[in-house]
Amino acid sequence: MAGKKLRRAGLPQDLCERLSRHQITTCQDFLCLSLLELMKVTGQSYQTVQKLLHTVSQSCAPRMQTVYEMKMKRAIDPTSAFLPTTLEDLDKILHGGIACGSLTEVTGPSGCGKTQFCIMLSLLTTLPSSMGGLDGAVIYIDTESAFSAERLIEMAQHRFPHYFATKEKLISMPSCIHVYRELTCDSVLKRIESLEEEIISKNVKLVVIDSVASVVRKEFDTKLQGNLLERSNLLAREASILKYLAEEFSIPVILTNQVTTWLSDGLAVQADPLSPADDFSLSEGCSRNGAGESSYVTAALGNTWSHSVNTRLILQYLDSQTRQLLIAKSPVAPFTSFQYTIENSGLVLQDQKDQSYFGGGTSPALQAIKVRTDSFNNELEMALSSFTGETLYPQQQLQHAVI
């Protein structure tokens with residue numbers, strides 16, 4: 001809340017402009033100054049500065065609200081609570097869809113549909129509320145240059161053929177989605193820090209970062225001393241800002257994450273064939289999953305990051321044709337699985353006579369993720385060879401990397 005802009009804190013506009021000339025633009029900047037410093041930069045009396053301090057403090061301090069108020073607010077305006085995914089069974093389990101005011105992470109191996117899911121949610125956000133959308137704009141931060149405008153149009157035409165039957169509709173929808181390609185940690189953080197004014201001016205109803213792990217793992221080699229702490233601080237800073245934006249404007253924030261491989265049995269390293277920079281995940285938690293496997297694929301960025309997100313969805317492979325969506329972490333939904341395919345219209349859930357519910361899953365930070373076995377074994381062998389300097393023969397390869 002301290003990052004809130006002063007112009008939204010109830011101060012006179014001319015005073016905000018005067019303060020901005022002294023690089024004082026947020027509530028935090030203002031509250032960090034002494035009374036004498038504030039009197040100097042504002043030109044106001046001691047009593048007036050005290051009143052200004054009270055105003056700014058009240059503006060950025062979280063207001064207490066009762067559970068009844070929260071419930072009534074959602075009952076009056078259901079669109080402020082969830083972004084429906086149009087995947088009926090998933091929305092039912094999640095009590096309405098992707099929660100507004102919180103962070104939702106989508107993780108899984110390469111090619112399983114994380115970006116497709118994000119593009120689909122971006123499309124849905126622009127739809128009018130009468131069609132289950134949020135009737136707003138989208139800010140899409142693309143760190144992998146994976147966003148495809150052609151794919152967005154294709155989804156729109158196949159998922160809502162009647163609504164997007166005219167050229168005008170196909171033009172107006174993409175103009176509401178603002179894509180930023182940020183390829184470094186510093187540029188991503190600066191973009192996140194500048195989102196508040198854009199959310200207001202552009203009526204943004206969804207923020208997507210695809211992906212968080214991409215730039216972080218390229219720049220931070222956690223085998224080097226101090227890098228793990230620096231990386232954790234950066235991720236905590238980003239999560240803090242994003243949570244503030246989600247709560248302040250009651251919008252969903254979608255983050256995609258990559259996968260990593262946990263190794264043990266004497267190998268105190270963690271190799272990830274999908275990224276040149278490895279995580280020291282073993283230093284952040286247990287080296288075994290709930291089934292006792294000695295090595296397995298799981299979400300990247302470690303245990304600390306897993307606690308920063310409110311909801312974690314895992315997209316994984318069952319076989320070359322079928323994929324599976326898991327609700328691995330949610331404040332409202334049980335540990336649940338769905339089968340899905342990727343079609344012209346986006347993600348489509350498969351009909352399942354017996355839905356898979358579980359009384360409880362493993363820790364989200366340790367949840368094993370299924371990948372395509374053929375490609376993964378070859379990549380894992382190469383990754384292990386890079387650490388040992390030896391060629392690993394089939395009988396030496398880890399047999400339980402994939403559950």
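Here, residue 1 is the first one in the sequence, and each next residue gets the next number. The figures here come from the full heavy-atom set of this structure, side chains too, leaving out hydrogens, waters and symmetry mates.
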For residues [X] and [Y], determine if any side-chain heavy atom of one lies less than 4.5 Å from a side-chain heavy atom of the other.
X: V179; Y: I141; answer: no
X: F117; Y: S122; answer: no
X: V253; Y: T104; answer: no
X: I177; Y: T126; answer: yes
X: N303; Y: H307; answer: yes
X: E182; Y: D142; answer: no
X: L313; Y: I98; answer: yes
X: L326; Y: T336; answer: no

Provide the full list of ring pair (Phe, Tyr, Trp, His ring centres under 6.0 Å) pairs with a residue in residues 186-219, sequence neighbours left out, each pair given once.
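Counting only pairs at least two positions apart or across chains, no ring pair (Phe, Tyr, Trp, His ring centres under 6.0 Å) contact touches residues 186-219.
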
Looking at [Y], is its backbone amide N or carbonyl O close enough to the side chain of [X] to form a donor-acceptor pair, meaning the two atoms are under 3.5 Å apart?
X: S194; Y: R191; result: yes
X: T55; Y: L53; result: no
X: T48; Y: Q44; result: no
X: T107; Y: Q258; result: yes
X: Y317; Y: I369; result: no
X: S240; Y: R237; result: no
X: K329; Y: N310; result: no

Working for side-chain contact (heavy atoms from CB on, under 4.5 Å), residues S211 and N257:
CA-CA 6 Å; S211 76; N257 192 4; over 6 Å; no

Any side-chain donor-acceptor pair under 3.5 Å between [X] and [Y]?
X: E37; Y: S34; value: yes
X: T86; Y: R159; value: yes
X: T85; Y: D91; value: yes
X: Q316; Y: Q324; value: yes
X: Q28; Y: T26; value: no

ring-ring contact (aromatic ring centres under 6.0 Å, His included) between Y180 and Y140, intermediate numbers included
CA-CA 6 Å; Y180 296 99; Y140 196 112; over 10 Å; no

Pairs where residues 200-213 contributes a residue and the test salt bridge (charged side-chain N to carboxylate O under 4.0 Å, His left out) is met, not counting sequence neighbours
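Qualifying pairs: E198-K202.
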
Quick one: closest heavy-atom pair of [X] and [Y], and the distance?
X: V216; Y: L235; value: CG2-CD2, 3.9 Å
X: V215; Y: C185; value: O-SG, 3.5 Å
X: C100; Y: P252; value: SG-CD, 3.6 Å
X: C118; Y: T256; value: SG-CG2, 3.4 Å
X: A9; Y: S59; value: CA-OG, 3.2 Å
X: I119; Y: S148; value: CD1-N, 4.0 Å

Please determine whether a side-chain nitrogen of the Lys or Arg among K190 and D186 lies less than 4.0 Å from a carboxylate oxygen of the Asp or Glu.
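Looking at D186 together with K190, the answer is yes, because their closest N to O distance falls below 4.0 Å.
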
Are the charged groups of E248 and R8 less than 4.0 angstrom apart, N to O?
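Salt bridge present between E248 and R8.
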
Distance from [X] atom [atom1] to [Y] atom [atom2], nearest 0.5 Å?
X: M173; Y: F160; atom1: CE; atom2: CZ; value: 10.0 Å
X: L87; Y: L124; atom1: CG; atom2: CG; value: 8.5 Å
X: N233; Y: L228; atom1: CG; atom2: CG; value: 9.5 Å
X: Q47; Y: Q50; atom1: CD; atom2: CD; value: 6.5 Å
X: R323; Y: L315; atom1: CZ; atom2: CG; value: 9.0 Å
X: T311; Y: L103; atom1: OG1; atom2: CG; value: 9.0 Å

Look at atom [atom1] of [X] and say whether more than 12 heavy atoms of other residues, nucleotides or ligands are closer to it than 6.0 Å.
X: R7; atom1: CZ; answer: no
X: R181; atom1: CZ; answer: yes
X: E88; atom1: CD; answer: no

Geometric cation-pi criterion, R231 with F220: 6.0 Å, 45°
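Checked: cation-pi criterion not met.
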
Output all residues satisfying side chain to side chain donor-acceptor pair (under 3.5 Å) with [X], sequence neighbours left out; order by chain, then residue number.
X: E197; value: none
X: T184; value: S187
X: R151; value: Q116, E154

Between E105 and R312, is the salt bridge (Lys or Arg N to Asp or Glu O under 4.0 Å) condition met? List the steps.
CA-CA 5 Å; E105 180 196 78; R312 170 172 280 176; 2.3 Å; yes

Would you check, one step at a time, whether the test side-chain contact (heavy atoms from CB on, under 4.5 Å) holds for F30 with L52?
CA-CA 10 Å; F30 190 87; L52 292 175; 3.9 Å; yes

Please list, chain by chain and in numerical order, all residues satisfying ring pair (Phe, Tyr, Trp, His ring centres under 6.0 Å) with F249, sequence neighbours excluded.
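By the ring pair (Phe, Tyr, Trp, His ring centres under 6.0 Å) rule, F249 matches no residue at all.
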
side-chain contact (heavy atoms from CB on, under 4.5 Å) between L6 and L19, intermediate numbers included
CA-CA 9 Å; L6 279 176; L19 290 170; 3.8 Å; yes

Hey, mind stepping through E343 and T341 against side chain to side chain donor-acceptor pair (under 3.5 Å) and telling me if it holds?
CA-CA 6 Å; E343 303 179 7; T341 57; 3.1 Å; yes

Please report the C-alpha distance between L183 and S145 in whole Å, then the side-chain angles of each, then the deciding distance to 0.1 Å, and finally whether the side-chain contact (heavy atoms from CB on, under 4.5 Å) criterion is met.
CA-CA 9 Å; L183 305 179; S145 299; 4.2 Å; yes

